[in-house]
Amino acid sequence: MFHVHAASYGRFPVGAVIVGLILSLGSCRPSAPTPNRSIQPGETVYFVPTAEKMVALTLDDGPNGAATERVLDILKQFRVPATFFLIGTNVTHYPEIVRRMAREGHLIGNHSFQHLRFDQITSRAMLEDIARGEEAITGVTGVKPTWFRPPFGINGVGLDEICRARGVVIAGWSGHAGDWNPQSAVEIAEHMITQATPGDILLLHDGWETRHEVDRHNTVDAVYLILERLTREGFQFVTLPELVRHAGPPLAEFSDGVRLLGLHVQAQPIHPGDAVYIRYFWDIPGGWNYKSAAAFVHFQTGDGFRFQDDHIIRPRGDVRDLAVERTLIIPPNAPVGRYQGRIGLFDPANPDVKLRVPVRSAGLHRKGAVILPDILEIRARSNTNNQVP
Ligand SMILES: [Zn+2]
């Protein structure tokens, strides 16, 4: 059984922690992280660094008749706004549901008219399908959508430019439950609940592409379970633009423009030998011309015991899986105690030299590594776990 643990910087008063550590670690060079720059049309937002315990719930492929209406009932019951990415052809089928969404304070985004794969059509066809989806929504609500999520999360060639020209921001996601695969409501909900961390954009589906009256009762029931648990745990649900309004600085920024937006360590308490699920939220600048970059990630104790979770980060492209998801096996001989994280990048222009990219800003950094104190804690296994029944 996993427990929700948002081991991000958002859980504690960052200022106080940083000041305390500057005093105790005199050799570290502090530099104030730069404020989050505003989001521009054509950019992809998939995770928002924030000090608030906030997430955005997004629902794709609707409206879908009764399933969407039930989701709206549940959202109303919890007084929670969501962001719906609607398919134009479904909008023309259920205009009354779309009007209800708008009336009840939800944000409506465009998810294209026909839900085609954008890697299989021309940019002209892509533009036309986006425009038609936009018109379908505007025709019903009178409001032009300013958020777009590409079907299947596939960024076609030229999507950035199309969205920039139309004044539209591209929505990705940082957490999903794979609810397009057959799963029970409890499985979908557990998956979502265990990975929720402040700043997450959560993805579910109240519809199924361009079909009508598709059975989505598992996802609908999962929405109830997710809202029930996460609101009880103090999470606030907001629409995407509201989440962006609460954006804070990234965890770190490197001199080549790469940013570490956040980090989420799941499944605590953690014991030696455990598999731990970690998500890294990296952001690569637009003009990036390397195939990948290598991140070094060290977890170490004050005594110098260390294990690593080095990984590759890729340039921005598809909105699918922008978050780097990793499963880390804690060494069985890892001593119990608190671990510091040290994260940095190797310069992709010098892959053989392993030259570290300097840190431009971070709470604490040293020798090209961002220092994250107490990023995880390893505890001894309790005796009861080891007893033979
Ligand atoms: Zn979709």
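When a ligand or atom number is given, it counts from 1 through the structure's own listing order.
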Inset, instruction - Mind checking side-chain contact (heavy atoms from CB on, under 4.5 Å) for Asn333 and listing every partner two or more places apart, or none if nothing turns up? - result: Phe305, Pro331

Legend entry - Remaining members of hydrophobic cluster (4.5 Å side-chain criterion), Phe296: Phe346

Legend entry - CZ on Phe152 to CD on Gln120, rounded to 0.5 Å: 8.5 Å

Legend entry - ring pair (Phe, Tyr, Trp, His ring centres under 6.0 Å) against Phe78, all qualifying residues, sequence neighbours excluded: Tyr224

Inset, instruction - Using a cut-off of 2.8 Å, find all protein N, O or S atoms closer to the Zn ion (ligand 1) than that distance. - result: Asp61 OD1, His111 NE2, His115 NE2

Legend entry - Under 3.5 Å side-chain donor-acceptor pair for Arg338 and Thr301: no

Inset, instruction - May I ask you to decide whether Glu190 forms a salt bridge with Arg229, counting only side-chain N to carboxylate O separations under 4.0 Å? - result: yes

